[in-house]
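Worksheet: one structure, shown below.
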Amino acid sequence: MRDLFAKILGLPVLASEHGAKVDDLIIYVHYLMAALFVGWILYFIYALIRFNRRANPKADYVGIRGHASNYIEAVVALVEIVLLVGFAVPLWANAVDHFPKADEHPTTINVIAQQFAWNVFYPGPDGKFSKRAAQFVTQDNPWGFDKSDPDGKDDLAPMSNVIHVPVNKPVIITLTSKDVIHSFKLIAMRVTQDAIPGMRIPLHFTPNKVGVYQINCAQLCGNGHAGMANGRLYVDTQEDYDAWLAKQPKQSAGGAASFE
Ligand SMILES: [Cu+2]
């Protein structure tokens with residue numbers, strides 16, 4: 001049923017676990033909108049016939065006497081409350097607020113947006129990212145890595161516009177921006193989060209379909225905004241992911257930004 005309606009509504013490819021619930025909510029809202037649309041059309045036709053000029057030569061100054069419209073309004077409000085309290089709020093609690101625990105071994109990634117690319121950072125085998133601070137920023141160290149931080153020794157060299165993740169494992173991305181407000185949008189994952197300079201905002205999802213998906217910027221951020229759609233999210237099998245990971249140069253070895 002979901003597949004059929006997703007097709008009718010033209011919903012994009014879905015490749016994350018929680019995304020099915022997002023699509024369900026979109027479909028339920030469309031049910032309600034369809035019911036309202038049909039209801040209003042029927043009422044419009046009724047009003048055209050019931051209140052036509054020939055049958056009503058004199059205006060009625062009293063107006064409505066029945067309570068039907070109140071009842072209908074109450075039903076519509078009730079359906080809206082059910083959608084909000086029964087579906088939207090629990091979905092938010094589960095898919096947004098409830099982060100994967102350490103024992104689920106999430107893939108942790110930092111993404112720093114800039115005009116006009118996504119810079120992607122992996123923490124290496126220790127799972128810990130190098131500290132960064134504005135005071136360390138130089139021409140050779142544009143991200144301000146603290147070179148004395150042992151956590152950074154095994155970090156991977158920064159990547160541009162490419163994220164690899166293994167399938168069926170939770171992913172936590174901590175998002176920030178180097179310049180202006182961007183918005184990190186993975187349509188196939190049903191994830192959107194603003195990237196705001198000065199803030200580190202975590203988001204999470206679990207990809208469940210191997211493939212290559214587009215990363216979009218959902219916040220008009222300047223002239224090259226559309227170019228941020230060149231970002232690609234690769235959802236790999238665990239073997240492919242491990243093989244890819246093993247090939248990546250370390251940041252400490254002076255590895256340049258990688259583009260594949
Ligand atoms: Cu942008």
Side-chain angles (χ1 to χ4, degrees), residues 10-16 18-19 22-23 25-26 91-92 95-97 99 106-123 129-145 155-165 170-207 209 211-236 244 248-249 251 255-260:
L11 295 183
V13 173
L14 170 66
S16 76
H18 76 276
V22 176
D23 285 6
L25 185 56
I26 291 172
L91 175 59
W92 186 275
V96 181
D97 287 344
F99 269 78
T107 308
T108 54
I109 301 167
N110 281 351
V111 170
I112 305 178
Q114 74 171 88
Q115 291 171 316
F116 297 96
W118 307 100
N119 301 283
V120 180
F121 302 82
Y122 285 78
F129 291 95
S130 167
K131 281 186 199 66
R132 295 192 299 114
Q135 71 200 78
F136 300 120
V137 173
T138 60
Q139 205 143 46
D140 306 332
N141 185 8
W143 304 109
F145 291 119
D155 285 18
L156 302 189
M159 291 161 213
S160 186
N161 279 341
V162 60
I163 301 177
H164 280 255
V165 293
V171 178
I172 299 180
I173 293 180
T174 304
L175 190 65
T176 188
S177 170
K178 194 178 161 191
D179 38 46
V180 302
I181 297 177
H182 301 267
S183 187
F184 182 72
K185 191 175 190 79
L186 302 171
I187 294 172
M189 302 297 138
R190 306 294 191 264
V191 162
T192 306
Q193 171 62 56
D194 274 4
I196 300 169
M199 288 179 78
R200 292 181 192 190
I201 305 173
L203 62 98
H204 69 98
F205 58 91
T206 303
K209 206 187 262 173
V212 185
Y213 306 101
Q214 193 172 32
I215 306 171
N216 287 88
C217 183
Q219 185 69 263
L220 185 57
C221 56
N223 259 345
H225 164 67
M228 295 184 81
N230 289 331
R232 291 290 176 272
L233 172 75
Y234 293 81
V235 177
D236 300 329
W244 171 83
Q248 299 312 306
Q251 187 251 119
S258 160
F259 294 91
E260 49 172 318

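Values in this document were obtained by computation on a predicted structure and should not be read as measured data. Both ligands and their constituent atoms are indexed starting at 1 by order of listing. Residue numbers run from 1 in the order of the sequence given. Only heavy atoms go into these numbers, but all of them, side chains included; no hydrogens, no water, no symmetry mates.
- Of the possible donor and acceptor atoms, none in the side chain of K185 sits under 3.5 Å from a partner among the backbone N and O of I215.
- Remark: aromatic rings of W143 and F121 are close, center separation under 6.0 Å.
- Among the backbone and side-chain atoms of S183, no N/O/S atom is found under 2.8 Å from the Cu ion (ligand 1).
- Atom ND1 is the N, O or S atom of H182 at the shortest distance from the Cu ion (ligand 1).
- Vertex the Cu ion (ligand 1); arms to M228 SD and C221 SG; angle rounded to 10 degrees, 100°.
- For the Cu ion (ligand 1), the set of nearby N, O or S atoms under 2.8 Å includes none belonging to H225.
- The residue from Y122, Y234, W244 that alone fulfils the side-chain hydrogen bond (donor to acceptor under 3.5 Å, both in side chains) condition with H164 is W244.
- Side-chain contact, S183 with D194: a donor N or O sits under 3.5 Å from an acceptor N or O.
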